[in-house]
Asks: 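A single structure is presented below for examination.
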Amino acid sequence: MDMSSWKWLPNFILLLCLINLVSIVKSQFPTQIFFHYECLDNGNYTSNSMYKTNLDTVLSSVSPNIDTNGFYNSSMGKNSDRVNVIALCRADLQPSQCRDYVKNATVEILKKCPNQKQAVFWHEFCMVRYSNEPILGILANFPNESGHSGQNVTNHDAFYQELNVLLDSLSAYAASSSSPKKYAAATRDALGNWTIYAFEQCTPDITSEECGDCLTKSAQQIRECCDGAKRS
Ligand SMILES: *[C@@H]1O[C@H](CO)[C@@H](O)[C@H](O)[C@H]1NC(C)=O
Ligand SMILES: *[C@@H]1O[C@H](CO)[C@@H](O)[C@H](O)[C@H]1NC(C)=O
Ligand SMILES: *[C@@H]1O[C@H](CO)[C@@H](O)[C@H](O)[C@H]1NC(C)=O
Ligand SMILES: *[C@@H]1O[C@H](CO)[C@@H](O)[C@H](O)[C@H]1NC(C)=O
Ligand SMILES: *[C@@H]1O[C@H](CO)[C@@H](O)[C@H](O)[C@H]1NC(C)=O
Ligand SMILES: *[C@@H]1O[C@H](CO)[C@@H](O)[C@H](O)[C@H]1NC(C)=O
């Protein structure tokens, strides 16, 4: 495996509907984390503004307060100075791991997006997002990103047949979950000699229907982006 190649996205295929996550993951954690972020062009703030003060305060509250389900939302300020934040950890993390990843993300997001009023930062283990507009309970399909390992499957048709079965059943399971951790994970043997690993998760603030729609769309995007690719 070529760890230095950016093409080796990670050892998984990742797609994130901003507040929703679908990935095909290996059971082992990767040694390298691939960060993604987007600074949205919806207005900027200055370093001595009230927005900046509120943003710093609200971001510093994320890691200490994120709940045991790995979700957090908070808002601060009034009118044009109001900042809304949400954060999500991958459902299988320990609370201490979640806090560490989120702490890192709340610092990194400001480095990546130093003056934009809206930004999102995510990787395989967590997501942090803030905005001057309401975000809690609102499904966002953008920004999103998908990618593949650069390696191809040999038994293409059989692989996609099994992958579709796996992703569809996980979407249904994650979306209908009554737990605040809306996720599902499973493996499926593809014909041949290997196993497909998959993991899907939504934030708990959107409806089951929205979660299901997002995951179904995301699975479709994975098929389109990565047709023929196999995770390493
Ligand atoms: C906000 O700042 C970025 C650079 O940091 C700039 O590219 C963008 O045009 C600015 N947007 C507005 C609305 O001023
Ligand atoms: C966040 O984690 C990355 C990767 O582990 C590391 O390179 C970076 O320095 C960390 N940033 C902070 C602010 O801790
Ligand atoms: C995988 O398939 C694509 C398209 O069919 C091709 O361009 C690419 O070189 C292949 N990659 C490998 C590692 O064989
Ligand atoms: C796995 O299957 C592929 C073809 O499907 C074959 O080329 C490869 O040698 C097999 N590997 C092992 C370890 O059996
Ligand atoms: C968002 O935060 C409020 C205030 O702390 C809390 O009452 C509410 O349960 C949170 N919503 C979710 C979906 O976690
Ligand atoms: C990703 O964003 C693009 C562009 O906004 C959109 O067309 C697409 O439907 C989004 N993908 C998903 C899975 O929502």
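Every number for a ligand or one of its atoms is a count from 1 in the order of the listing. The basis for the numbers below is simple: all heavy atoms, side chains too, and nothing from hydrogens, waters or symmetry mates.
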Asks: Do any N/O atoms on Ser218 end up under 3.5 angstrom from N/O atoms on ligand 6?
Replies: no

Asks: Does any N or O in the side chain of Asp67 come within less than 3.5 Å of the main-chain N or O of Asn69, such that one atom is a donor and the other an acceptor?
Replies: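 The answer is yes, because a donor-acceptor pair under 3.5 Å joins these two groups.
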
Asks: Keeping Asp168 on the side-chain end and Val165 on the backbone end, is there a donor-acceptor pair under 3.5 Å?
Replies: no

Asks: Taking both backbone and side-chain atoms of Lys111, is any N or O found less than 3.5 Å from an N or O belonging to ligand 2?
Replies: no

Asks: What atoms in ligand 6 come closer than 4.0 Å to a heavy atom of Lys217?
Replies: 13 (C), 14 (O)

Asks: Taking atom types as modelled, is there a side-chain donor on Asn84 or Glu133 under 3.5 Å from an acceptor on the other?
Replies: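 No.
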
Asks: Do Cys98 and Cys89 have their SG atoms under 2.5 angstrom apart?
Replies: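 Looking at Cys89 and Cys98, their sulfur gamma atoms lie closer than 2.5 Å, so the answer is yes.
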
Asks: Is it true that the side chains of Gln116 and Asp41 contain a donor and an acceptor less than 3.5 Å apart?
Replies: no

Asks: Using a strict SG to SG cutoff of under 2.5 Å, would you count Cys214 and Cys202 as disulfide-linked?
Replies: no

Asks: Which ligand 6 atoms are under 4.0 Å away from a heavy-atom of Asn141?
Replies: 1 (C), 2 (O), 10 (C), 14 (O)

Asks: Of the side chain and backbone of Phe35, name the one, both, or neither that has a heavy atom under 4.0 Å from an atom of ligand 2.
Replies: side chain

Asks: Relative to each other, are the rings of Tyr183 and Phe199 parallel, tilted or perpendicular (30° and 60° limits)?
Replies: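 Ring orientation of Tyr183 relative to Phe199: tilted.
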
Asks: Report all protein residues having a heavy-atom distance below 4.0 Å to some atom of ligand 5; order the list by chain, then number.
Replies: Phe71, Asn73

Asks: List every atom of ligand 2 that sits less than 4.0 Å from any heavy atom of Val107, numbering the atoms from 1 in the order shown and giving each element.
Replies: 13 (C)

Asks: If we set the cut-off at 4.0 Å for heavy atoms, which region of Lys103 has an atom near ligand 2: side chain, backbone, both, or neither?
Replies: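 For Lys103, there is no contact with ligand 2 at all, from either part.
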
Asks: Which residues pass the salt bridge (Lys or Arg N to Asp or Glu O under 4.0 Å) test with Lys52, sequence neighbours left out?
Replies: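 So Lys52 forms a salt bridge (Lys or Arg N to Asp or Glu O under 4.0 Å) with Asp56.
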
Asks: Tyr101 and Ser63: side-chain donor and acceptor closer than 3.5 Å?
Replies: no

